[in-house]
Amino acid sequence: MHSMGLLGAAVANNASWCDAVCRSHGYPGALSSRLWSSPRHRLRFYPNAITLRPEVTAPEALAAAAPSQPFAVKDSFARLDLALAGFRLLAEASWIVREGGPDGPPDDGLSWDKVTSAGELSDWETAWANGGSGDGPVFRPGLLSDPRCAILACRQEDTIIAGAIVYAAGRAAGISNLFGTGLPPDRLWASIQQAVAGVQPHLPVVGYEEGASLEAARQSGFRVLGPLRVWVRPSPAP
């Protein structure tokens with residue numbers, strides 16, 4: 001698959017994953033060839049709109065945004081300037097891809113397993129959130145019955161020390177929510193690739209990262225497909 005096709009696959013995969021999370025909370029999104037949107041949800045870390053084509057305009061991306069409500073836009077191609085609409089730039093990151101399997105099993109002593117029960121999922125989210133934020137769970141047990149979704153945990157003496165979610169959609173396997181407690185980023189990325197190959201061996205692996213995690217992903221064999229931005233507008237002050 002060429003780079004533009006891979007970029008489109010990464011964007012489509014991420015929109016499908018965001019829809020799965022929002023749907024599990026009762027907020028399914030609306031999907032067109034140009035935009036995914038779920039304007040009513042208030043889930044932390046998840047946008048209300050995702051651009052699916054580089055030519056999507058700011059009015060299109062904001063069409064479902066109510067003036068008095070918070071709203072977040074994932075500008076998948078870093079083409080929009082939403083500052084004049086009252087948004088602030090929350091994050092800038094890069095889409096990444098790796099085609100082909102990992103070079104060989106790392107001799108790191110780490111092993112990964114699928115989370116299969118509601119109790120395990122609760123423990124996984126606590127580890128991911130570093131104790132939790134008190135806003136209620138983001139990842140609901142309904143995700144465990146989604147055949148496209150694999151929530152992976154790496155344990156050490158029954159304690160979850162690392163985790164990630166793999167979601168197969170849009171002709172790709174998307175890695176998201178990767179975390180590791182006390183693990184260097186390069187070791188984490190090398191190890192998770194083996195875990196992904198175990199559940200989705202035939203799909204290109206995509207995701208998006210920034211900073212040290214992006215550099216570790218690149219060192220482990222991923223390449224950059226293009227930039228993205230996340231814009232947010234908080235609730236107006238009372």
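- Phe77 is not listed as a side-chain neighbour of Val56, based on a closest heavy-atom distance of 4.5 Å or more.
- One N or O on the side chain of Thr126 and one on the backbone of Ser122 form a donor-acceptor pair closer than 3.5 Å.
- Look at Glu55 and Arg79 and you find no salt bridge, because none of the NZ, NE, NH1 or NH2 atoms lies under 4.0 Å from a carboxylate O.
- Within the model, atoms CG of Leu35 and OG1 of Thr51 stand 7.5 Å from one another, a figure rounded to the nearest 0.5 Å.
- With hydrogens and angles ignored, the 3.5 Å screen pairs no side-chain donor or acceptor of Arg171 with any backbone N or O of Asn13.
- Using a 4.5 Å cut-off on side-chain heavy atoms (C-beta onward), Tyr46 and Trp17 make contact.
- Listed by first and then second residue, the salt bridge (Lys or Arg N to Asp or Glu O under 4.0 Å) pairs that reach into residues 150-168 are Glu120-Arg155, sequence neighbours excluded.
- In this structure, the side chains of Gln69 and Arg40 stay at 4.5 Å or more apart for every pair of heavy atoms.
- Closest non-hydrogen pair, Glu99 versus Pro204, comes out as CG-CB, 4.1 Å.
- Listed for the Asn48 side chain is a donor-acceptor partner under 3.5 Å among the backbone atoms of Ser38.
- One distance of note links CD1 of Ile161 with CG of Leu110; it measures 5.5 Å at 0.5 Å rounding.
- No donor-acceptor pair under 3.5 Å is formed between the side chain of Ser213 and the backbone N or O of Glu210.
- Arg218 places none of its side-chain heavy atoms less than 4.5 Å from the side chain of Glu209.
- Between Phe87 and Trp231, the ring center distance fails the sub-6.0 Å criterion.
- Counting non-hydrogen atoms of neighbouring residues, nucleotides and ligands closer than 6.0 angstrom, the CD atom of Gln156 reaches no more than 12 such neighbours.
- Leu178 and Leu203 are not part of a single hydrophobic cluster, where members link through side-chain heavy atoms under 4.5 Å apart.
- The OH atom of Tyr208 sits 3.0 Å away from atom NZ of Lys74, with the distance rounded to the nearest 0.5 Å.
- Side-chain atoms of Phe179 and Ile160, non-hydrogen and from C-beta on, do get closer than 4.5 Å to each other.
- Considering every non-hydrogen atom in both Ala61 and Phe71, the closest pair reads O-CE2, 3.8 Å.
- Between Arg229 atom CZ and Leu82 atom CG the span is 9.5 Å, to the nearest 0.5 Å.
- Summarising the geometry of His41 relative to Cys22, their closest heavy-atom pair is CD2-SG, 3.4 Å, with the distance given to 0.1 Å.
- For Arg34, the CZ atom sits in a packed shell: over 12 heavy atoms of surrounding residues, nucleotides or ligands are nearer than 6.0 Å.
- Leu31 has its side chain out of reach of Asp19: every pair of non-hydrogen atoms, C-beta onward, lies at least 4.5 Å apart.
- Phe139 is linked by a ring-ring contact (aromatic ring centres under 6.0 Å, His included) to Trp124, Trp128, counting only residues two or more places apart in sequence or in another chain.
- Under the 4.5 Å side-chain criterion, counting only non-hydrogen atoms from C-beta, Ile175 is in contact with Trp189.
- Proximity of Tyr27 to Leu43: side-chain heavy atoms (C-beta onward) are nowhere separated by under 4.5 Å.
- For the atom pair OG (Ser191) and CG (Leu152), the distance works out to 10.0 Å, reported to the nearest 0.5 Å.
- Distance alone, capped at 3.5 Å, places no donor-acceptor pair between the Arg88 side chain and the Pro234 backbone.
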Side chain to side chain contact (heavy atoms under 4.5 Å, CB included) for Trp112 and Ile192? Distances and angles first, verdict last.
CA-CA 8 Å; Trp112 297 76; Ile192 190 57; 3.7 Å; yes

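- Tracing side-chain contacts under 4.5 Å through hydrophobic residues (I, L, V, M, F, W, Y), one reaches Leu52 starting from Trp95; they form part of the same cluster.
- Rounding to the nearest 0.5 Å places CD1 of Ile50 at 11.5 Å from CG of Asp75.
- None of Val115, Ile151, Val138 except one satisfies the side chain to side chain contact (heavy atoms under 4.5 Å, CB included) rule with Glu125; the exception is Val138.
- Asn177 places no side-chain N or O within 3.5 Å of a backbone atom of Ile165 that could act as its donor or acceptor partner.
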